[in-house]
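Written out below as structure tokens is the structure these notes cover.
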Number of protein chains: 2
Amino acid sequence: MDSKAAKTGMKVERPAKTLRELALGNLREAILEGVFKPGDRLVERDLCEQLGVSRTIVREVLRHLESEGLVSTQIGKGPIVAPLDADIAQQIYEVRGALEAMAARLCAESDDPTIAPALDAALAGIRKGYATGDMGHVLTSTSEFYRVLFSKVNRHVAWDIVNMLTVRINHLRSMTIKTDKRDVEGPAQMAAIVDAIRDRDGARAYRVATEHVASAADIAMQIFADREQT
Amino acid sequence: MDSKAAKTGMKVERPAKTLRELALGNLREAILEGVFKPGDRLVERDLCEQLGVSRTIVREVLRHLESEGLVSTQIGKGPIVAPLDADIAQQIYEVRGALEAMAARLCAESDDPTIAPALDAALAGIRKGYATGDMGHVLTSTSEFYRVLFSKVNRHVAWDIVNMLTVRINHLRSMTIKTDKRDVEGPAQMAAIVDAIRDRDGARAYRVATEHVASAADIAMQIFADREQT
DNA sequence: CCGCTGTACTCGGTATCCCATATTATGCCT
DNA sequence: AGGCATAATATGGGATACCGAGTACAGCGG
């Protein structure tokens with residue numbers, strides 16, 4: 001796995017050694033898991049206890065998450081979990097779409113025969129997750145699918161951006177994949193991307209990738225609409 | 001200005017109040033200005049003196065710049081100014097191209113008649129900068145051009161990303177705009193973008209915007225090639 | 001000439017302190 | 001009783017001082 005990552009030029013994250021990286025991961029996870037909900041205040045001194053680290057670390061971590069967009073700091077108050085509105089979510093999906101479509105096209109236009117099989121493997125993981133009802137597995141396999149898409153053509157800058165954006169819409173992703181018929185539609189759309197890549201059809205790969213993200217965005221917007229009606 | 005910014009949803013940066021924001025701006029500026037060159041170590045305690053702030057601040061700032069990609073921290077050592085290689089630069093130009101082309105298309109497809117004049121104004125600024133030899137003015141006007149492109153269609157997420165990427169290739173930008181004939185080619189390409197927008201031709205706007213970034217990237221790659229020959 | 005050792009440097013991390021502000025609780029006066 | 005002024009609390013912004021560990025380099029000895 002490591003050698004493979006090195007071969008693709010993709011930065012392999014070595015076992016996070018510094019406390020700060022650990023704390024960063026933990027807090028990010030906690031926010032993603034919903035332990036802290038959007039709008040909740042993130043009190044530095046409380047986090048020190050909960051994370052078991054000093055305020056220095058907590059502050060560095062908060063700053064980092066702030067630049068990731070997961071945390072926002074209001075002037076007179078302090079850091080809170082950044083709320084996500086429909087407009088921002090829409091924009092995030094849009095950028096993701098642009099970048100993932102770009103990557104899909106590049107994959108199609110490269111002549112690396114290992115791409116399609118690797119994507120198929122990830123796709124199989126997604127289908128298996130749906131079949132077994134393991135939604136966590138669906139999410140990680142989906143990430144793997146896109147990771148392959150970017151790393152096979154050595155686009156780690158774009159991949160980093162997509163990753164940054166993805167964490168912000170994490171809970172939306174969890175909901176979109178549970179939507180009615182998404183268990184067949186989603187994989188089908190992704191299979192269409194793989195097909196286009198296999199056919200070396202860059203334009204089609206670009207188009208179907210764009211459509212896939214757009215349909216996920218549509219579902220997300222529907223979720224916002226439903227929520228508002230409450 | 002504030003009301004306009006609010007209307008466009010574009011984040012207006014209020015006069016940085018916290019010491020941290022000041023220090024962040026100063027250090028970023030220093031790196032961009034070349035006070036610290038790629039590979040230079042950024043010794044925390046030295047920066048404390050030079051910036052006149054405590055280590056707390058310096059560390060938060062370094063963390064922030066790290067997540068911006070301007071600074072990289074090597075495990076056993078410490079923070080250094082992130083070196084920029086041709087591969088990364090290429091990828092940054094590529095992502096910028098994808099996003100700017102997207103914004104150009106959106107501008108063309110919107111029916112906001114204020115877009116083209118605003119872009120023309122920025123373009124005039126660029127031409128004036130070239131005419132007077134004020135390259136700093138060329139750069140800020142170019143940024144203004146793209147800021148308008150994104151803000152007129154309310155894409156501040158994408159704009160933030162483009163901005164983040166742009167600082168990393170700042171010195172390349174300074175060099176590309178000084179390239180032979182870039183003083184006529186560059187503005188001509190940007191005028192083509194405005195023309196396409198005025199004609200409501202989304203596909204053409206997308207294409208010419210892509211081409212403009214690609215030509216800038218080509219020049220940047222040439223700079224890397226020349227540098228290597230030394 | 002090469003290898004070892006010790007010292008200086010610096011980072012990651014911690015523990016306190018101080019100050020300003022914002023919120024909340026208290027209490028007094030009308 | 002109600003409203004306003006005030007005090008107490010909570011918290012963020014910032015500064016210091018300190019410690020342990022790893023790196024780098026200089027000098028010493030073989």
Side-chain angles (χ1 to χ4, degrees), chain A residues 11-31 35-83, chain B residues 11-31 35-83:
Chain A
K11 163 173 45 189
V12 51
E13 37 205 311
R14 57 197 167 291
K17 353 181 324 358
T18 66
L19 249 191
R20 175 165 36 87
E21 290 172 273
L22 268 321
L24 175 62
N26 287 356
L27 182 54
R28 189 195 285 118
E29 197 66 21
I31 294 175
V35 179
F36 301 102
K37 301 195 181 308
D40 281 4
R41 289 193 62 182
L42 296 168
V43 180
E44 294 178 3
R45 288 168 174 88
D46 291 353
L47 292 175
C48 291
E49 284 184 48
Q50 287 161 34
L51 292 171
V53 296
S54 71
R55 240 182 109 198
T56 309
I57 308 291
V58 169
R59 289 179 60 167
E60 287 177 323
V61 165
L62 286 175
R63 246 31 99 186
H64 191 114
L65 291 175
E66 191 178 353
S67 75
E68 263 183 30
L70 257 190
V71 164
S72 76
T73 303
Q74 33 200 291
I75 36 162
K77 318 261 198 148
I80 61 171
V81 177
Chain B
K11 154 176 58 183
V12 51
E13 37 204 308
R14 59 194 174 294
K17 356 181 301 23
T18 66
L19 251 190
R20 191 181 61 244
E21 290 171 274
L22 268 320
L24 175 62
N26 287 357
L27 182 54
R28 189 194 283 118
E29 196 66 21
I31 293 175
V35 179
F36 301 102
K37 303 196 181 309
D40 280 4
R41 289 193 62 180
L42 296 168
V43 179
E44 293 178 3
R45 281 158 177 96
D46 292 352
L47 293 174
C48 290
E49 282 183 49
Q50 288 161 35
L51 293 170
V53 295
S54 71
R55 243 184 105 201
T56 310
I57 308 293
V58 170
R59 288 180 60 166
E60 287 177 317
V61 166
L62 286 175
R63 245 33 98 186
H64 190 116
L65 292 176
E66 190 178 354
S67 75
E68 264 183 27
L70 257 189
V71 164
S72 75
T73 304
Q74 32 198 315
I75 37 161
K77 321 262 198 138
I80 62 171
V81 178

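Predicted model only: the values in this text are computed from it and were never measured. Below, read A as the first sequence line, B as the second, and so on, with proteins coming before strands; counting in each chain starts at 1.
Closest of all the heavy-atom pairs between A/Ile57 and A/Ala23 is CG2-CB, 4.0 Å. The two atoms that bring A/Gly69 and A/Ala82 nearest to each other are O-CB, 3.4 Å, heavy atoms only. Residues A/Lys17 and A/Leu22 approach most closely at O-CD2, 3.9 Å, considering heavy atoms.
For the salt bridge (charged side-chain N to carboxylate O under 4.0 Å, His left out) test, residues two or more places apart in sequence or in another chain that qualify with A/Glu60 are A/Arg20, B/Arg59, B/Arg63. By the side-chain hydrogen bond (donor to acceptor under 3.5 Å, both in side chains) test, B/Thr56 pairs with no residue at all, sequence neighbours left out.
The side-chain heavy atoms of B/Ile31 and B/Val71, taken from C-beta on, include a pair separated by under 4.5 Å.
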Extract all donor-acceptor atom pairs below 3.5 Å that involve side chains of residues 41-53 of chain A and protein atoms in other chains or at least two apart in sequence.
unit_1, atom_1, unit_2, atom_2, d
A/Glu44, OE1, A/Arg55, NE, 2.9
A/Glu44, OE1, A/Arg55, NH2, 3.0

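The CG atom of A/Asn26 lies 12.0 Å from the CD atom of A/Glu21; values are rounded to the nearest 0.5 Å. With rounding to the nearest 0.5 angstrom, the CD1 atom of A/Ile80 is 15.0 Å from the NZ atom of A/Lys37.
Annotation: the terminal axes of the helix from C/dC1-D/dG30 to C/dT30-D/dA1 meet at 10°, where each axis is the rotation carrying the C1' atoms of four end pairs onto the next four (5 pairs per end, rounded to 10°).
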Next item on the list: Produce a footprint string for nucleotides 4-21 of chain C: one letter per nucleotide, 5' end first; B if the base is under 4.0 Å from any protein heavy atom, S if only the sugar-phosphate is, - if neither.
Entry: ------SBBBB--B----

Next item on the list: Could you check B/Leu27 against B/Leu62 for side-chain contact (heavy atoms from CB on, under 4.5 Å), going step by step and ending with a plain yes or no?
Entry: CA-CA 9 Å; B/Leu27 182 54; B/Leu62 286 175; 4.1 Å; yes

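For DNA chain D, the span of nucleotides reached by chain B at under 4.0 Å from its heavy atoms goes, 5' to 3', from D/dG14 to D/dA24.
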